[in-house]
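Okay, structure first, notes after.
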Amino acid sequence: MPDTIFDPAAEGWHTSTDAEFIGLVGPIWRKLEGERLLFGLLAEERHGNRNGAVHGGMLMTLMDHAIAMNSWETTGRRRQATIQLDVQFVSAVMKGDFLIVRSEVVRATRSVNFMRGTATIGDRIAVTANGIWKMLEQPGPSAGPGA
């Protein structure tokens with residue numbers, strides 16, 4: 001665990017109130033880097049597994065949410081849903097680590113976005129993911145994708 005706890009708010013990161021699932025596992029932090037929306041997680045004890053690292057399910061949730069939100073932004077906030085998510089765990093995330101997710105569109109069609117994301121702790125890659133998000137035809141809430 002780091003000697004000092006990172007304070008995302010002091011570094012310009014913001015949280016949002018989410019009444020759905022993400023509100024239960026967060027806070028998930030967000031910050032603009034140029035025009036790119038970054039997402040972050042300050043790993044807490046409750047995010048851990050029996051091995052002392054952050055649980056893989058928490059990391060998959062973070063990757064799904066962060067990549068989906070970027071897909072949503074790039075499509076003019078069209079409602080969408082994750083139809084595939086492949087996650088690779090590269091290195092352990094420990095309590096006190098601040099994980100930053102950067103994602104990008106690999107390919108976009110009228111009906112799906114192919115996305116990839118990388119989660120890092122400093123310069124170290126911790127998690128990578130690739131996925132596909134399907135655009136939904138019916139109007140939905142303006143707060144985010146259905147991921």
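This one's a predicted model, so the numbers in the text were calculated from it and none came from an experiment. Along the sequence shown, the residues carry numbers beginning at 1.
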In a table with atom names and distances, give each donor-acceptor pair under 3.5 Å that connects a side chain of residues 48-62 to protein atoms at least two apart or in another chain.
{"unit_1": "Asn49", "atom_1": "OD1", "unit_2": "Asn51", "atom_2": "N", "d": "2.8"}
{"unit_1": "Asn49", "atom_1": "OD1", "unit_2": "Gly52", "atom_2": "N", "d": "3.2"}
{"unit_1": "Asn49", "atom_1": "OD1", "unit_2": "Ala53", "atom_2": "N", "d": "3.2"}
{"unit_1": "His55", "atom_1": "ND1", "unit_2": "Gly57", "atom_2": "N", "d": "2.8"}
{"unit_1": "Thr61", "atom_1": "OG1", "unit_2": "Gly57", "atom_2": "O", "d": "2.9"}

Check your understanding: Is it true that Val112 and Val105 fall in one hydrophobic cluster, defined by side-chain heavy atoms closer than 4.5 Å?
Key -> no
Point to revise | Minimal non-hydrogen separation, Gln88 against Asn130, with atom names | key: OE1-ND2, 4.1 Å
Study note, to complete from the structure: Heavy-atom nearest pair, Arg124 first then Ser91, reads NH1-OG, 2.7 Å
Review point. Do Arg116 and Ser103 touch side chain to side chain, with heavy atoms closer than 4.5 Å?
Key: no
Review point. Side-chain contact, heavy-atom cut-off 4.5 Å: Val93 with Phe98?
Key: no
Check your understanding: Less than 4.5 Å apart, any side-chain heavy atom of Met135 and any of Arg78?
Key -> yes
Check your understanding: Between Leu38, Ile121, Leu41, which is the residue that forms a side chain to side chain contact (heavy atoms under 4.5 Å, CB included) with Ile100?
Key -> Leu38
Exercise for review: Under the salt bridge (Lys or Arg N to Asp or Glu O under 4.0 Å) rule, what do Arg36 and Glu104 come out as? Steps first, then yes or no, please.
Suggested key: CA-CA 9 Å; Arg36 185 194 311 210; Glu104 63 185 344; 5.7 Å; no
Review point. Any Lys/Arg nitrogen of Glu11 or Lys31 sitting under 4.0 Å from an Asp/Glu carboxylate oxygen of the other?
Key: no
Point to revise | Any donor-acceptor N/O pair, His47 side chain to Val25 backbone, under 3.5 Å | key: yes
Exercise for review: For Asp64 and Trp133, run side chain to side chain contact (heavy atoms under 4.5 Å, CB included): C-alpha distance rounded to whole Å, both residues' side-chain angles, the deciding distance at 0.1 Å, then the answer.
Suggested key: CA-CA 10 Å; Asp64 182 42; Trp133 278 262; 3.6 Å; yes
Review point. Do the side chains of Phe21 and Trp72 join up, straight or via other hydrophobic residues, at under 4.5 Å, putting them in one cluster?
Key: yes
Exercise for review: Taking the side chain as every heavy atom from C-beta outward, state whether Leu24 and Ile22 have any atom pair closer than 4.5 Å.
Suggested key: no
Check your understanding: Within a strict 4.5 Å, meaning less than it, do heavy atoms of the Met115 and Arg107 side chains meet?
Key -> no
Review point. Any chance the side chains of Asn113 and Thr75 put a donor and an acceptor closer than 3.5 Å?
Key: no
Review point. Hey, are Glu44 and Lys95 close enough for a salt bridge, meaning a charged N less than 4.0 Å from a carboxylate O?
Key: no
Review point. Looking only at heavy atoms, what is the nearest atom pair of Asp97 and Ala92, with distance?
Key: OD2-O, 4.3 Å
Practice item. Check the surroundings of atom CD in Glu45: do more than 12 heavy atoms from other residues, nucleotides or ligands lie under 6.0 Å from it? Key: no
Practice item. Report the relative orientation of the aromatic rings in Phe39 and His65; use parallel for angles under 30°, tilted for 30 to 60°, perpendicular for over 60°. Key: perpendicular
Exercise for review: Could you tell me whether the side chain of Ile5 reaches within less than 4.5 Å of the side chain of Leu42, counting heavy atoms only?
Suggested key: yes
Study note, to complete from the structure: Between Val101 and Ala119, the two heavy atoms sitting closest are CG2-CB, 3.9 Å
Exercise for review: Report yes if some heavy atom in the side chain of Thr118 is under 4.5 Å from a heavy atom in the side chain of Thr120; otherwise report no.
Suggested key: yes
Revision key, fill the gap. For Gly40 and Trp13 the tightest heavy-atom approach is N-CZ3, 3.6 Å
Exercise for review: Answer whether the closest heavy-atom distance between the side chains of Ile28 and Thr15 falls below 4.5 Å.
Suggested key: no
Practice item. Sequence neighbours left out, what passes side-chain contact (heavy atoms from CB on, under 4.5 Å) with Gln84? Give chain and number order. Key: Asp86, Ile132
Point to revise | Ile83 CD1: over 12 foreign heavy atoms closer than 6.0 Å | key: yes
Revision key, fill the gap. Residue set satisfying ring-ring contact (aromatic ring centres under 6.0 Å, His included) with Phe114, at least two apart, ordered chain then number -> none
